[in-house]
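Have a look at the structure that comes next, please.
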2 protein chains.
Amino acid sequence: MKKTTKVPKQELAGSLADFLCFAVYSTNLAFGRAYKRLFDELGITYPQYATLIALNEAGEQTVGALGDKLFLESSTLTPLLKRLEAAGYVTRRRDPADERQVRVSLTSEGKAIFEQAFCGRESVIEATGLDPETFVRLQRDLITLRDNLLAASDK
Amino acid sequence: MKKTTKVPKQELAGSLADFLCFAVYSTNLAFGRAYKRLFDELGITYPQYATLIALNEAGEQTVGALGDKLFLESSTLTPLLKRLEAAGYVTRRRDPADERQVRVSLTSEGKAIFEQAFCGRESVIEATGLDPETFVRLQRDLITLRDNLLAASDK
DNA sequence: TGCGATTAGTTTGTTCGCGATCTATCTCCG
DNA sequence: CGGAGATAGATCGCGAACAAACTAATCGCA
């Protein structure tokens, strides 16, 4: 007995493997696991590491500027920064010239942790198993995708 | 005045833009925002949607099998499935043949929500702004990367 | 000058995501 | 048969991530 009438429905259904969003989502989870050992040793998390990178890169800056770079809301950053402050890795102080703003900067301990994490990333880069060409292309394509998505959802 | 002496330090420092992991991380955030409107209307979340896809694709299955497909632990899935059950989109029942296992399946309401979300994804695909070739290549590269990372962190 | 509107961050409540731990069930082997 | 070990989920605690609501400071402009 033929089942051809059911085939079109099947084609429409879609599997997880067909979703670009799921590829991004699951790869993000995989990166988290790949970095886990290193970050556990250092006592930080991935978003905290990204924050340290941004602070190391651009020096003292406001919560808002940090959020722009990290694509995070202040409601996410405030508690994260408080944890980094409690750990002694950043300082937070109100800007005297505009008391609404909070300026964040790396302490020397924060810079040290950043450098340790930065060195430790070598093993993760190796774990990607990508040849340099694919690595660079993937990064470029992802950034294009991200910026397109953000531009579209800001409308 | 030349500044060549400072360049090497700059190269070592690394900026957010140089990290593949950050490209993945921030693209995942961007997808979340691109889907947000659709999911808010339907009253579900992105991980819930992924769960519905997996259930629609493979039918009734255990929590563990679902976790393997979604790359999630049972400690993440259990509460998520309870919320889907409370919303009437899935059923959970102990397998009579092995009471340790919980078998999950879509209800007709769940199937309906999945189909609504599935149709609504068209606008998100458009928002990616990628030509078909890049879209497919990106998906393929990401899956390679994800599987490499998972294989390396399982050692 | 002064007060409404805007801006910057914080707080609160909900949902993920995970490790660690716990409970219930099943398996295996003596 | 029966108990040790393995397995499947559930629970708990913590750190993200966000929207919505809130507070405090500044701006704009009349």
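What you see is a predicted model, and the numbers here were worked out from it, not measured in a lab.
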With B/R100 via salt bridge (Lys or Arg N to Asp or Glu O under 4.0 Å) - residues at least two apart |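 Result, salt bridge (Lys or Arg N to Asp or Glu O under 4.0 Å) vs B/R100: B/D98.
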What's the spacing between B/I44 CD1 and B/L52 CG if we round to 0.5 Å?
->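 Result: 5.5 Å between the selected atoms.
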Grab the CG-P distance between A/D40 and C/dG17 for me, whole Å please.
->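 Whole-Å distance recorded here is 18 Å.
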Ring pair (Phe, Tyr, Trp, His ring centres under 6.0 Å) between A/Y25 and B/Y46: does it pass, once the steps are laid out?
-> CA-CA 10 Å; A/Y25 168 78; B/Y46 180 74; 5.2 Å; yes
What nucleic acid atoms does B/R103 come within less than 4.0 Å of, heavy atoms only: base, sugar-phosphate, or nothing?
->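 Since no nucleic acid heavy atom lies under 4.0 Å of B/R103, the category is nothing.
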Can you tell me which residue pairs pass the side-chain hydrogen bond (donor to acceptor under 3.5 Å, both in side chains) test with a partner in residues 138-151 of chain A, sequence neighbours excluded?
->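 Found A/D141-B/R137, A/R146-B/S26.
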Joint cluster assignment, A/L20 & A/I143, ILVMFWY side-chain distance < 4.5 Å =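 Different hydrophobic clusters.
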Which side-chain N or O atoms in residues 70-91 of chain A pair as donor and acceptor under 3.5 Å with protein atoms at least two apart or in another chain?
from: A/T78; atom 1: OG1; to: A/S74; atom 2: O; distance (Å): 3.0
from: A/E85; atom 1: OE1; to: A/R92; atom 2: NH1; distance (Å): 3.1
from: A/T91; atom 1: OG1; to: A/S105; atom 2: OG; distance (Å): 3.0

With DNA chain D as reference, determine whether A/S75 or A/E99 sits nearer its 5' end, using the nearest nucleotide of each.
->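 Here A/S75 is the residue nearer the 5' end.
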Which part of the nucleic acid, if any, lies within reach of B/T45 when heavy atoms closer than 4.0 Å are counted: base, sugar-phosphate only, or nothing?
->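 If one applies the 4.0 Å heavy-atom cut-off, B/T45 turns out to touch the sugar-phosphate alone, with no base involved.
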Test log, rule side chain to side chain contact (heavy atoms under 4.5 Å, CB included), inputs A/F31 and A/T128 = CA-CA 9 Å; A/F31 253 126; A/T128 65; 4.3 Å; yes
Would you tell me if any nitrogen or oxygen in the side chain of B/R94 comes within less than 4.0 Å of OP1 or OP2 on C/dC26?
->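 The answer is no; no side-chain N or O of B/R94 sits under 4.0 Å from OP1 or OP2.
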Contact residues, residues 24-36 of chain B to DNA chain D [heavy atom, < 4.0 Å] =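 Output list: B/Y25, B/L29, B/R33, B/K36.
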More 5' along DNA chain C: A/R92 or B/S74, using each one's nearest nucleotide?
->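 On the 5' side of the pair lies A/R92.
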For nucleotides 5-7 of chain C, give me every protein contact, N/O to N/O, under 3.5 Å, one pair per line with atom names.
from: C/dT7; atom 1: O2; to: A/R100; atom 2: NH1; distance (Å): 3.3

Kindly write out the residues that satisfy side-chain hydrogen bond (donor to acceptor under 3.5 Å, both in side chains) with B/Q116, not counting sequence neighbours, or none if the list is empty.
->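 For B/Q116, no residue satisfies side-chain hydrogen bond (donor to acceptor under 3.5 Å, both in side chains) once neighbours in sequence are set aside.
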Nearest whole angstrom, please: distance from the P of C/dC16 to the CZ of B/F39.
->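 My rounded result for the distance is 11 Å.
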For A/D40, what residues pass the side-chain contact (heavy atoms from CB on, under 4.5 Å) criterion, not counting sequence neighbours?
->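 A/D40 satisfies side-chain contact (heavy atoms from CB on, under 4.5 Å) with A/K36 once adjacent residues are dropped.
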Whole angstrom is fine here: how far is it from CG in B/L70 over to C1' in C/dC16?
->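 To the nearest whole Å, that distance equals 13 Å.
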Ring pair (Phe, Tyr, Trp, His ring centres under 6.0 Å) against A/F39, all qualifying residues, sequence neighbours excluded =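 Here the qualifying residues are A/Y35, A/Y49.
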B/E126 atom CD, neighbour heavy-atom count above 12 within 6.0 Å =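 Check fails, neighbour count at 12 or below.
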5' to 3' on DNA chain D, which nucleotides open and close the contacts with chain A (atom under 4.0 Å from a heavy atom)?
->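 The protein-touched segment is D/dG15 to D/dT26.
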Applying side-chain contact (heavy atoms from CB on, under 4.5 Å), name anything that partners A/A17, two or more places apart in sequence or on another chain.
->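 By the side-chain contact (heavy atoms from CB on, under 4.5 Å) rule, A/A17 matches A/S15.
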Under the salt bridge (Lys or Arg N to Asp or Glu O under 4.0 Å) test, residues paired with A/D95 that sit two or more places apart =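 A/D95: salt bridge (Lys or Arg N to Asp or Glu O under 4.0 Å) contacts with A/R103.
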Any residue of residues 77-90 of chain A with a heavy atom less than 4.0 Å from an atom of DNA chain C |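 Per residue number, the list reads A/T78, A/K82.
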